[in-house]
Amino acid sequence: MDVVLIIPSAPEWIGAESTRAGEHLGTAYLGAMLLKHGIECKIVDTRLPDFNLSRLISEINENDVQIVGITDVEVTHSTTSVLTKHIRRYCPDVRIVLGGYYPTFCYQEILRENDSIDFIVRGEGEFTFLELCQRLLNNQEVENVRGISFYDHNQEKVIEAPSRELVDELDQLPFPRRDHLSEYLRLRCQNAPSILSSRGCFGNCSFCSSNAFYKLFSGKKWRGRSAGNFVDELCKVSKDFDISYFRFWDDNFIGGIPRCRQRAYEIADEIQKRCPDIQFTIMCRANDIDRELFAQLKKAGLKIVFLGIEAMNESSLKVFNKGLTREQNWQAMKTLMDLEIRCEPGFIMFEIASTLDGIRQNLEFFKEYLKETKSKGIHFSHNLLYGILEVYRGTSLEKKLHARSLLQRNPSGIYQSYRFLNPKVAFLAELVTSKLAPKTKMIDEEIRTVSAKLNGHVARVKELQVMKYDLNQFAIQSFGELIDMVEQGNISNEQMSEFDEKLHQKICEHRSYLKNIKIDL
């Protein structure tokens, strides 16, 4: 075996099955590219419950593995660092290569701080990693492989080869490997396979790592596969695994300009002709929502749209650099609801410059949204109320906040900690995350558990939907009460005790109802 590709886990996932685990398409593409060019490789997912580090070390040594490749992101970097040092200790001759968003942004400090790592692949890895592997396996010089960085111990500095341009024609890439898909589905780590029809996004959101990543390299910011090539893969995976539901994992499926919209029409037509039973979810921006186009996508099987609206007050939208207004966001959501396409909005309630007035505007939107969804029989999750901005390395927002000394490093060395500029917002966020969110999320999980056991009890399902609506309404109302208390200042112990008691009563009320349903079942 020539190469082992490793998907690392985030710290809290180690040693346990995680519902957040699922196919890692970046690694799957790398594996397919190596296989296409005759390089034998194995993909190891450390997030799966049967992963064993000692067994992995033994496999590397016993099979004379030459190269270990690890796709790293910010949340996995602390475990990636431990993993690389462990592999280096017990497999001293293997070459360790890192790639992904985080190493691309932070290759200088990673290479200086971790001498277990031999190379970092910057940018899209298919052609860079392939060429690096070919040269290493043939004992050839690698210093001029475009897109790599490494630490030169003689010169005591990081060497950076010229960057490689973005992959222009995505159709030339092989379909990603699906080595673990059956296991993911069996373990319910994901409910549908992921598939990519494009790369990139025309947006300029300040907090987005994807946007920052693609800006670093020459080439088109957004690239789409042809409709025929994409649906070829869709049909193949559907047939091979007997699957009819997919997550289109594009940062922006539509693409944002006329020729990209035409491609979306073509994909809808191809799906209806070749695999009409397919259903799918997409991600896009509010300004991508066009009634005619989405009506066609619905005919092709579109069920859910993850819509990145992020905020419903103008000040936060400016911080996020969305380039969209509250009215545009709301109109896009209403269009989807009119078409009876489920909308799952992305939302960030708290950001570093949030004000109580801006948060209240967000909350007023949710009150209106709750009424709209109830009238149309649509459900949304109160979890949207609790989102707090995370600041990732390499983003334009991270650079701005760092320049103003507003960020703090956490123990793993990643910029993501900050203080809200408004002390009252900081206090509100603390109350929401410590008191309201845990209780409502707990009941939500209990509702979901009971709902999964209903097995066609239509009347009971409707009752649970009413219960969810009541929980959403309660969460919104309670959130508003917390804003009022914080705005008034000097919250007394008596006020907090009354608030806690209301939460407790609501939990008891819902648990009593759920218990009766369980008895009936």
Within-4.5 Å side-chain heavy-atom neighbours: N211 and C201: no
Between E446 and R448, does any side-chain N to carboxylate O distance fall below 4.0 Å?
no
Nearest 0.5 Å, please: how far is CE in M1 from CD in E40?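 Nearest 0.5 Å value for the CD-CE distance: 5.5 Å.
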Counting C-beta onward and ignoring hydrogens, is there a side-chain heavy-atom pair between T84 and V68 closer than 4.5 Å?
no
Surrounding CD of E292 (heavy atoms of other residues, nucleotides or ligands, distance under 6.0 Å), is the total greater than 12?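 No.
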* To do: Check whether any side-chain N or O of D72 sits under 3.5 Å from a backbone N or O of L98 as a donor-acceptor pair, and report yes or no.
  => no
Nearest heavy-atom contact between A192 and L185 is N-CD2, 4.1 Å
Residues pairing under ring-ring contact (aromatic ring centres under 6.0 Å, His included) where one sits in residues 248-272, two or more places apart or in two chains, turn out to be F230-F248, F248-F253, F248-F280
Exercise for the section: Go through the steps for H77 and I110 under the test side-chain contact (heavy atoms from CB on, under 4.5 Å), then give the verdict. Expected result: CA-CA 10 Å; H77 186 66; I110 292 173; 3.8 Å; yes
- For the residue pair F127 and R146, establish whether any side-chain heavy-atom pair is separated by less than 4.5 Å. no
message: Run the side chain to side chain donor-acceptor pair (under 3.5 Å) test on T128 and R122 for me, step by step, so that the C-alpha distance in whole Å, both residues' side-chain angles and the decisive distance to 0.1 Å come before the verdict.
response: CA-CA 8 Å; T128 300; R122 310 186 316 272; over 6 Å; no
Considering only heavy atoms from C-beta outward, does the side chain of C133 approach that of H37 to under 4.5 Å?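 Answer no - side chains too far apart.
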- Message: Does this structure show an ion pair linking D179 with K42, if we count only N-O contacts that are shorter than 4.0 Å?
- Response: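 Result for this pair is no, no salt bridge flagged.
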Between the side chains of S226 and N229, does any donor sit under 3.5 Å from an acceptor?
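No, no side-chain donor-acceptor pair sits under 3.5 Å.
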F366 meets the ring-ring contact (aromatic ring centres under 6.0 Å, His included) criterion, sequence neighbours left out, with F347, F380
| field | Salt-bridge present (D444, K468; N to O < 4.0 Å) | value |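 Salt bridge between D444 and K468, a charged N being under 4.0 Å from a carboxylate O: no.
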Value for CD (Q272) from SG (C275), rounded to nearest 0.5 Å, stands at 10.0 Å
query: Would you say the side-chain atoms of H180 and D45 include a donor-acceptor pair closer than 3.5 Å?
result: no
> Taking C-beta and beyond as the side chain, do L307 and I289 meet within less than 4.5 Å on heavy atoms?
Replying inline: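 Yes, their side chains come closer than 4.5 Å.
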Rounded at 0.5 Å granularity, tell me how far CE in M442 sits from CD1 in I447.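 M442 CE to I447 CD1: 11.0 Å, rounded to 0.5 Å.
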Per side chain to side chain contact (heavy atoms under 4.5 Å, CB included), R285 is matched among I254, L324, I309 by L324
Sidechain N-carboxylate O distance under 4.0 Å for K367, E364: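 So K367 pairs with E364 through a salt bridge.
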- Query: Does any N or O in the side chain of S238 come within less than 3.5 Å of the main-chain N or O of L234, such that one atom is a donor and the other an acceptor?
  - Reply: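 No; zero donor-acceptor contacts below 3.5 Å.
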Short N-O contact, E310 and K322, less than 4.0 angstrom | yes
* To do: Evaluate whether atom NZ of K299 has more than 12 neighbouring non-hydrogen atoms of other residues, nucleotides or ligands under 6.0 angstrom away.
  => no
Practice prompt. Taking the side chain as every heavy atom from C-beta outward, state whether L130 and L34 have any pair of such atoms under 4.5 Å apart.
Written response: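 A side-chain contact under 4.5 Å exists here.
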field: Any side-chain donor near an acceptor of the partner, S194 and R247, under 3.5 Å
entry: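 Judged by distance alone, the side chains do pair up.
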Residue pair T281 / Y245, side-chain donor-acceptor N/O under 3.5 Å = yes
- Item | Step-by-step salt bridge (charged side-chain N to carboxylate O under 4.0 Å, His left out) determination, E23 to R178 | CA-CA 8 Å; E23 288 184 288; R178 303 280 174 171; 2.9 Å; yes
What do the steps show when you test Y29 against E124 for side chain to side chain donor-acceptor pair (under 3.5 Å), and what is the final call? CA-CA 10 Å; Y29 269 106; E124 294 179 326; over 6 Å; no
*Stepwise, does the side chain to side chain donor-acceptor pair (under 3.5 Å) test hold for N204 with N321?*
CA-CA 6 Å; N204 287 293; N321 198 35; 5.6 Å; no
Residues passing the salt bridge (Lys or Arg N to Asp or Glu O under 4.0 Å) test with E131, sequence neighbours excluded, are R135, R164
Q) In terms of the angle between their ring planes, are F202 and W222 parallel, tilted or perpendicular, with boundaries placed at 30° and 60°? A) parallel
To the nearest 0.5 Å, atom CG of D250 lies from atom OG of S210 at 10.5 Å
Here the gap from L35 atom CG to L30 atom CG, rounded to the nearest 0.5 Å, amounts to 12.5 Å
**Message:** Given 3.5 Å as the limit, does a donor-acceptor pair link the side chain of T335 with the main chain of R291, or not?
**Reply:** no
With a sphere of 6.0 Å drawn around CD of E390, does it hold more than 12 non-hydrogen atoms of other residues, nucleotides or ligands?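 Open: at most 12 neighbouring heavy atoms sit under 6.0 Å from CD of E390.
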So do the side chains of R47 and H24 get within less than 4.5 Å of each other, counting heavy atoms only? yes
Validation row: M312, L317 side chains within 4.5 angstrom (heavy atoms):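 Heavy-atom side-chain distance check fails, nothing below 4.5 Å.
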Does T79 reach the main-chain N or O of T76 with its side chain, forming a donor-acceptor pair under 3.5 Å? yes
The side chain to side chain contact (heavy atoms under 4.5 Å, CB included) partner of T80 among V73, I70, T46, I117 is I70
d(L336 CG, I304 CD1) to nearest 0.5 Å is 11.5 Å
Nearest heavy-atom contact between I87 and V94 is CG2-CG1, 3.8 Å
Might you point out which heavy atoms bring P345 and Y369 nearest each other, and give the distance in Å?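 Closest pair (atom of P345, atom of Y369, distance): CD-OH, 3.9 Å.
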(request) Give the intermediate values and the outcome of side chain to side chain donor-acceptor pair (under 3.5 Å) for residues T27 and T71. (result) CA-CA 7 Å; T27 304; T71 302; 3.1 Å; yes
Exercise. Are the charged groups of R225 and E169 less than 4.0 angstrom apart, N to O?
Worked result: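 No.
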inquiry  = Counting the benzene-type ring for Trp, do F320 and F207 have ring centres under 6.0 Å apart?
reply    =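 Ring centroids of F320 and F207 are less than 6.0 Å from each other.
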Below 4.0 angstrom, N of the basic side chain to O of the carboxylate: do E74 and R393 qualify?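 No, E74 and R393 are not salt-bridged.
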Inset, instruction - Can you spot which of K220, R223, R199 makes a salt bridge (Lys or Arg N to Asp or Glu O under 4.0 Å) with D168? - result: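 Option passing the salt bridge (Lys or Arg N to Asp or Glu O under 4.0 Å) with D168: K220.
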